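Data block below; observations after.
Just so you know, these numbers come straight off a predicted model, no measurement behind them. Counting begins at 1 with the first residue of the sequence.
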Amino acid sequence: MANDKFTAVGMNIAEKATMIWNVADMLRGPFKPHEYGLVILPMTVVKRFHDCLLPTWQAVQDMYEKVKHLAVIDGFLTKASGYQFYNTSKFTFDKLLADPENIEANFRDYLAGFSGNVQDVLSKFDFDNVIKRMVESNTLYLTIKEFNSPKGYLGPDKISAVDCGYIFEDLVRRFSESFGEEAGAHFTSRDIIYLMTDLLLSDAELSHAGNVTVYDMTMGTSQMLSCMEERIHDLNSEIEVTCFGQEFNPSTFAIAKADMMIRGGKEVELDAY
């Protein structure tokens with residue numbers, strides 16, 4: 001089995017880390033260093049959702065106009081978006097930045113346009129109170145502008161699911177350390193993850209098509225689950241992988257759920273316990 005994947009971090013992650021810490025510089029003063037994650041973690045998740053949905057934004061707008069009078073519309077809109085989630089707001093990040101005077105109201109409208117499963121992700125961050133603080137400190141517009149820069153692009157055509165997961169893991173590590181916590185409490189490096197998955201699969205019988213269940217009771221941002229699914233499909237692409245995960249920390253659970261939704265896996269169940 002190839003072992004080059006854990007070294008294939010590349011320039012993507014370095015660029016995103018630079019952009020993220022530029023945002024942290026803007027937050028200095030209104031937010032204390034240990035609070036930077038309250039802004040940057042949910043904004044990174046929102047921007048990932050935004051960039052995934054951007055290519056089908058107009059298709060979703062058109063479909064929404066056709067079906068908004070119906071009692072059940074989720075199926076039409078997820079089909080139009082190409083994901084298990086969607087956003088019906090008329091705003092994109094470009095449109096938000098075009099109207100700085102109404103940035104708070106428009107940004108809230110944008111967030112409210114997300115489907116229910118994304119609303120559940122955002123609720124885990126307590127993002128509403130964070131937005132209020134950003135408005136009071138005049139940092140909301142600047143933060144959106146920084147995330148909308150070319151280096152802030154997080155679309156799947158440039159940032160793979162694995163790399164984006166690794167970016168999230170790195171963010172959690174940085175902000176956990178700002179609280180004085182050890183990195184290992186929230187972060188497992190990619191080389192260790194792949195070693196663990198290879199050890200677990202060393203005696204597995206995966207030559208025939210079927211279903212394999214993977215469970216992680218302390219999943220963090222779910223990278224163990226995604227890497228295990230990736231390794232299994234490396235061995236046999238015909239196998240269906242069902243993932244189950246649990247996580248106590250609300251923020252990391254939200255990141256895990258967002259990652260799973262974006263990767264499009266329907267065979268997954270996540271719980272916050």
Side-chain angles (χ1 to χ4, degrees), residues 9 11-51 93 96-97 100 103-104 106-108 110-111 114 118-154 159 163-190 219-223 247-259 262 272:
V9 176
M11 291 300 295
N12 283 338
I13 292 174
E15 287 181 359
K16 303 316 162 188
T18 300
M19 180 275 298
I20 287 165
W21 285 111
N22 285 341
V23 174
D25 288 339
M26 291 187 298
L27 299 174
R28 186 174 290 115
F31 292 85
K32 297 179 180 179
H34 70 270
E35 295 179 313
Y36 294 163
L38 300 177
V39 175
I40 292 177
L41 288 176
M43 280 299 300
T44 304
V45 170
V46 168
K47 189 54 163 56
R48 176 68 165 172
F49 280 135
H50 172 276
D51 292 346
F93 270 44
L96 289 171
L97 294 173
I103 190 68
E104 179 185 7
N106 293 345
F107 187 55
R108 290 187 182 280
Y110 173 73
L111 296 179
F114 277 116
V118 175
Q119 299 297 336
D120 181 57
V121 169
L122 297 178
S123 69
K124 298 295 190 298
F125 289 112
D126 191 26
F127 200 29
D128 183 68
N129 289 325
V130 175
I131 293 172
K132 291 178 183 177
R133 291 183 60 184
M134 295 172 73
V135 171
E136 291 169 357
S137 60
N138 294 315
T139 54
L140 178 59
Y141 180 87
L142 294 174
T143 300
I144 293 174
K145 182 178 180 180
E146 190 67 27
F147 270 93
N148 200 47
S149 67
K151 287 187 177 181
Y153 181 71
L154 294 172
I159 306 295
D163 275 355
C164 195
Y166 204 64
I167 290 169
F168 281 133
E169 288 278 15
D170 190 59
L171 285 174
V172 171
R173 175 186 64 80
R174 290 172 186 262
F175 296 126
S176 295
E177 289 176 346
S178 72
F179 278 97
E181 298 178 347
E182 293 184 2
H186 299 278
F187 172 79
T188 304
S189 63
R190 188 189 294 193
M219 66 179 177
T221 59
S222 80
Q223 297 314 298
E247 173 58 30
F248 180 79
N249 184 285
S251 294
T252 49
F253 172 80
I255 292 170
K257 182 170 181 176
D259 180 56
I262 290 167

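In this structure, the side chains of Leu41 and Tyr36 stay at 4.5 Å or more apart for every pair of heavy atoms. Under the 4.5 Å side-chain criterion, counting only non-hydrogen atoms from C-beta, Cys164 is in contact with Arg48. Contact of the Ile131 side chain with the Leu111 side chain is registered, since non-hydrogen atoms from C-beta on lie closer than 4.5 Å.
Using a 30° and 60° split on the angle between ring planes, Phe93 and Tyr110 fall in the perpendicular class, above 60°. Below 30°, between 30° and 60°, or above 60°: for Phe114 and Phe49 the angle between ring planes is between 30° and 60°, a tilted geometry.
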Could you walk me through whether Phe125 and Val45 pass the side chain to side chain contact (heavy atoms under 4.5 Å, CB included) test, one step at a time? CA-CA 10 Å; Phe125 289 112; Val45 170; 4.0 Å; yes
Could you go through the side chain to side chain contact (heavy atoms under 4.5 Å, CB included) check for Asn129 and Leu38 one step at a time? CA-CA 10 Å; Asn129 289 325; Leu38 300 177; over 6 Å; no
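With rounding to the nearest 0.5 angstrom, the CG atom of Asn106 is 10.0 Å from the CG atom of Leu140. The CZ atom of Phe147 sits 10.5 Å away from the CG atom of Asp51 when rounded to the nearest 0.5 Å. Taking CD from Glu35 and CG from Leu27, the interatomic distance works out to 10.0 Å, rounded to the nearest 0.5 Å. If you take CE on Met134 and CG on Leu142, they are separated by 9.0 Å, rounding to the nearest 0.5 Å. Note that CD of Glu104 is 12.0 Å distant from CG of Leu96, once rounded to the nearest 0.5 Å. In this structure, CZ in Phe107 is found 4.5 Å from CE in Met43, a value given to the nearest 0.5 Å.
The heavy-atom pair separating Gly152 from Lys47 by the smallest distance is O-NZ, 3.4 Å. Here the shortest heavy-atom pairing between Pro30 and Arg133 reads O-NH2, 3.2 Å.
Using a 4.0 Å cut-off between charged nitrogen and carboxylate oxygen, Lys151 and Glu146 do not count as a salt-bridge pair.
The main-chain N or O of Ile103 is never found under 3.5 Å from a side-chain atom of Tyr141 such that the two would form a donor-acceptor pair.
For the side chain to side chain contact (heavy atoms under 4.5 Å, CB included) with Thr44, the lone residue among Val23, Ile255, Leu154 that qualifies is Leu154.
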